[in-house]
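Notes to accompany the following structure.
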Amino acid sequence: MKLMSARKQGKKESNDNFFQNVYEVVKLVPAGRATSYGAIASYLGLKRGARQVGWAMGSSYSVPGIPAHRVVNKEGVLTAKQLFETPTTMQKKLESEGVEVKDDKIQNWNKYFWDPEKELT
DNA sequence: CGGCTGACGAAAA
DNA sequence: CTTTTCGCCAGCC
C-alpha cells in the first residue's frame, strides 16, 4: 500500500489548474507581444515558481494552440528556441508578428512585454 | 521512496 | 559588477 507517492499529501486539490492557467494565459498573449515565465508564475501565485511555468510550457510547446514562442525569460531572451524544430523557428515567428529580435533577444523588451497582471487586471 | 533535473528568477555573498 | 545559492514543484531514474 502505499506508496504511490505521497507527494504532498496535503493537498490542495491537485492543482492541475496551474498548468491550465499557464496555457490560458499564454493563449491570451496578443500577437506582437510576449511575456515572461516569472510574470505568469507571479500571476498564478507562484511568484518564484518560474521554473514550473517553463516546465509546464515544455510539455505544452508541442501542444497546438499554445504560442510558446511568445513566452521568453524575463530578459526577453529566446531561451526555448532550441526546443523548436529549428533554433530559428521561434525568432522567425516573433519577427513575423512584428517583434524585433536580435541576438536571440527581443529588442525594446519593455515595450513588447505583456504583463497579465497589468493587461488582464 | 530518494535524489536529480529543469523554457527561471531573485536575493545573498 | 559577477558568482553562488535558494526557492518552486512536477517528472523521471
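Here is how names work: the chains are called A, B, and so on, in the same order as the sequence lines, proteins then strands, and each is numbered from 1.
A:Gly38 comes within contact range of the sugar-phosphate backbone alone, with a heavy-atom separation under 4.0 Å but no base atom that close. Across all strands, A:Ala56 comes closer than 4.0 Å to no nucleic acid atom at all (heavy-atom distances).
The distance between atom CE of A:Met57 and atom P of C:dA10, rounded to the nearest whole Å, is 17 Å. Atom CG of A:Leu44 and atom C1' of C:dA10 are 15 Å apart (whole Å). In this entry the distance linking CD of A:Gln20 with C1' of C:dC9 reads 17 Å, nearest Å. When rounded to the nearest whole Å, the span between CG of A:Leu83 and C1' of B:dT5 equals 14 Å. Taking atom CG on A:Asn73 and atom C1' on B:dA10, their separation rounds to 13 Å, with Å as the unit. The distance between atom NZ of A:Lys81 and atom C1' of B:dC8, rounded to the nearest whole Å, is 17 Å.
Counting only residues at least two apart or in different chains, ring-ring contact (aromatic ring centres under 6.0 Å, His included) contacts with residues 27-47 of chain A are absent.
Mapping A:Glu75 and A:Trp55 onto DNA chain B by nearest heavy atom places A:Trp55 closer to the 5' end of the strand.
Residues A:Gln91 and A:Asp104 form a side-chain contact, since some pair of their non-hydrogen atoms from C-beta on lies under 4.5 Å apart. Between A:Val29 and A:Val71, every side-chain heavy-atom pair lies at or beyond the 4.5 Å cut-off.
Note: A:Lys74 NZ to A:Thr35 OG1 = 13.5 Å, rounded to the nearest 0.5 Å. Interatomic distance, NZ of A:Lys111 versus CZ of A:Arg33, reported as 9.5 Å (0.5 Å rounding).
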(request) Mark up nucleotides 3-8 of chain C, 5' to 3', with B wherever a protein heavy atom is under 4.0 angstrom from a base atom, S wherever such an atom reaches only the sugar-phosphate, and - elsewhere. (result) ----BB

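Residues from residues 84-105 of chain A placing a heavy atom under 4.0 Å of any atom in DNA chain B, listed by number, are A:Phe84.
A search for salt bridge (charged side-chain N to carboxylate O under 4.0 Å, His left out) contacts involving A:Glu75 returns nothing, not counting sequence neighbours. Scored by the ring-ring contact (aromatic ring centres under 6.0 Å, His included) test, A:Trp109 finds A:Phe113 as partners (sequence neighbours excluded). With sequence neighbours excluded, no residue forms a ring-ring contact (aromatic ring centres under 6.0 Å, His included) with A:Tyr112.
Between A:Glu95 and A:Lys92 there is no salt bridge, since no side-chain nitrogen of the basic residue lies less than 4.0 Å from a carboxylate oxygen of the acidic one.
Between C:dC1 and B:dC8, the two P atoms lie 22 Å apart (nearest whole Å).
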